[in-house]
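Position 1 is the first residue of the sequence, and the numbers go up from there.
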Amino acid sequence: MRAVEALGQLKTRLMSPYAWIAVATFSGMSILLTGFVEHLVPGQSLYAQAMATVGKLVGAIGYGFFSPLPWQWSGDDREHCGYLRGILQSVVFSIALFSFTMCLDLLLAPHFAPDRHSAMFLQIPPLSYLLQIPLMSVVGLFILRGELRDRERLKAQEELSQAQWILLREQMSPHVLFNTLNALAELARRDPEATERALLDLSDLMEQILHFSGKSQVSLARERKFLAQYLSIHSLRFGDRLQVEWDWDPALHALTLPPVLIQPLVENAIKHGIGRSPTGGRLRIGLHPRPGGIRIDVANTGVPPGPQREGATGLGNLRERLRLAYGGRACFRLEREGEWTHAILDLPEEPWT
């Protein structure tokens, strides 16, 4: 790992609340223990007690945050250096840290303890420093190995989520095609000419699906174009029984969302609401801003929704894709208001993927 990357890892470590809790706990226990022991020794000055406290804090911070740095700096693309280089770098780092503490003591002692003949840290036996140097090297290596295991685990989880995401995304293509072909089969028995036009629309629809392949996000403008092509096929199938209204804010077109995210809501509204009504119904697709994100509202009249079937692909796929793309930041719900059934998506402005 190069110096810039190692400093970036240090920044991450410094921003971790768990690391600060561990450092605070270790230094607090050490200060309390040594304070109790030094209290039994008469003549301990206030300055000596303060410097002992500073020494414990510096040591705890050095162990908790800086000790992995000598092991991380390999000078190349490796995540850590070899053992020989790591030990040598740790020794140099430990000596530099303890030298800093002693220099601090030397600078402060004449001002706060002028009656002392030497700084407090110069009175500590050299054996104590000799024990601290290998200990800091070992602690740094253990911390680094723990961080590497955590990063590998997170990377594996991300790769698994990405694989699930790709599987769910690719699952939508045959699902959309299957349901659209079923609609065309019904249309072909009634209106062969309309079926021909619908096949051309289906060709455009599949071109859009191919465009979405390999993409984790598309613009809302592209998503609307896809929905319009999808609805053109169903408009030929239903005729006057399907009335489509757009309540769509074009100012949001530049925002992105996972592809084919709204289509399952539209399909569900047509198949289970409008399509089951002898007189058809109205479909209204809304897009509006809300605090911190956007709201998508697909509303339809017709037959009220029943319980979701086991194994239903559309909405089940939608919920899983929302979980992978947004975590707990996205909300999907079905509401009934008068003659209207609302499928509402509340999304943050940007997904994670």
Side-chain angles (χ1 to χ4, degrees), residues 165-166 168-184 187 194-239 241-271 273-275 281-290 293-300 313-315 317-318 321-322 325-326 330 332 342-351 353:
W165 171 260
I166 292 172
L168 289 167
R169 186 185 63 204
E170 298 303 324
Q171 184 186 48
M172 286 305 300
S173 299
H175 176 73
V176 173
L177 178 61
F178 175 78
N179 286 335
T180 305
L181 287 175
N182 281 342
L184 290 180
L187 180 63
T195 303
E196 184 178 353
R197 296 195 301 273
L199 284 172
L200 294 175
D201 289 334
L202 177 60
S203 175
D204 293 336
L205 187 71
M206 294 310 298
E207 183 181 354
Q208 286 293 311
I209 291 178
L210 289 175
H211 172 79
F212 292 157
S213 179
K215 294 183 180 295
S216 61
Q217 302 177 42
V218 296
S219 68
L220 279 163
R222 194 89 191 200
E223 185 78 2
R224 169 161 180 167
K225 181 181 179 182
F226 173 78
L227 290 173
Q229 290 174 332
Y230 178 78
L231 286 169
S232 67
I233 297 174
H234 287 279
S235 295
L236 291 172
R237 173 191 173 195
F238 285 97
R241 292 176 58 218
L242 175 61
Q243 303 173 41
V244 180
E245 305 169 12
W246 293 89
D247 185 18
W248 189 280
D249 188 348
L252 302 174
H253 273 177
L255 297 180
T256 61
L257 78 170
V260 199
L261 197 68
I262 308 176
Q263 183 273 338
L265 304 181
V266 173
E267 176 189 301
N268 205 60
I270 294 174
K271 184 176 181 180
I274 297 171
R282 297 161 61 192
L283 175 68
R284 186 169 63 219
I285 305 174
L287 171 68
H288 297 283
R290 67 176 184 88
I294 59 174
R295 170 165 293 179
I296 298 166
D297 184 356
V298 177
N300 67 278
T313 301
L315 294 185
N317 182 293
L318 171 69
R321 293 172 70 209
L322 286 173
Y326 297 99
F332 168 63
H342 295 264
I344 300 173
L345 277 176
D346 286 331
L347 306 177
E349 287 190 359
E350 295 291 340
T353 56

Those residues that, when tested against Ile274, pass side chain to side chain contact (heavy atoms under 4.5 Å, CB included) (two or more places apart): Leu242, Leu283, Asn300
Student check: side-chain heavy atoms of Asp346 and Phe332 closer than 4.5 Å: no
Val244 and Phe238: CA distance, side-chain angles, deciding distance, side-chain contact (heavy atoms from CB on, under 4.5 Å) verdict: CA-CA 11 Å; Val244 180; Phe238 285 97; over 6 Å; no
Heavy-atom pair of closest approach, residues Tyr326 and Pro348: CD2-CG, 3.3 Å
4.5 Å side-chain heavy-atom contact, Glu267 and Pro264: no
Results of side chain to side chain donor-acceptor pair (under 3.5 Å) for Arg290 - residues two or more places apart only: none
Leu257 side chain near Ile262 side chain, heavy-atom distance below 4.5 Å: yes
Sequence neighbours excluded, every pair satisfying salt bridge (Lys or Arg N to Asp or Glu O under 4.0 Å) that has a member inside residues 219-230: none
Student check: side-chain heavy atoms of Ile344 and Ile296 closer than 4.5 Å: no
Counterpart residues, side chain to side chain contact (heavy atoms under 4.5 Å, CB included), relative to Pro289 (two or more places apart): Asp249, Leu252
Within-4.5 Å side-chain heavy-atom neighbours: Leu220 and Thr256: no
Parallel, tilted or perpendicular: ring planes of Tyr230 versus Phe226, cut at 30 and 60 degrees: parallel
Interatomic spacing from CD1 in Ile294 to CD in Glu349 - rounded to 0.5 Å: 8.5 Å
Any donor-acceptor N or O pair under 3.5 Å, side chains Trp248, His288: no
Pairing residues for Asn268 by the side chain to side chain contact (heavy atoms under 4.5 Å, CB included) criterion, not counting sequence neighbours: His272, Leu315
With sequence neighbours excluded, residues passing salt bridge (Lys or Arg N to Asp or Glu O under 4.0 Å) with Arg241: none
For Glu245, all residues meeting side chain to side chain contact (heavy atoms under 4.5 Å, CB included), sequence neighbours excluded: Arg282, Arg284
Minimal non-hydrogen separation, Ala325 against Pro258, with atom names: CB-CG, 3.8 Å
Contacts of Asp297 that satisfy salt bridge (Lys or Arg N to Asp or Glu O under 4.0 Å) - sequence neighbours left out: none
side-chain contact (heavy atoms from CB on, under 4.5 Å) between Leu261 and Val218, intermediate numbers included: CA-CA 10 Å; Leu261 197 68; Val218 296; over 6 Å; no
Side chain to side chain donor-acceptor pair (under 3.5 Å) partners for Ser232, two or more places apart: Asp201
Interatomic spacing from CD in Gln229 to NE2 in His234 - rounded to 0.5 Å: 13.0 Å
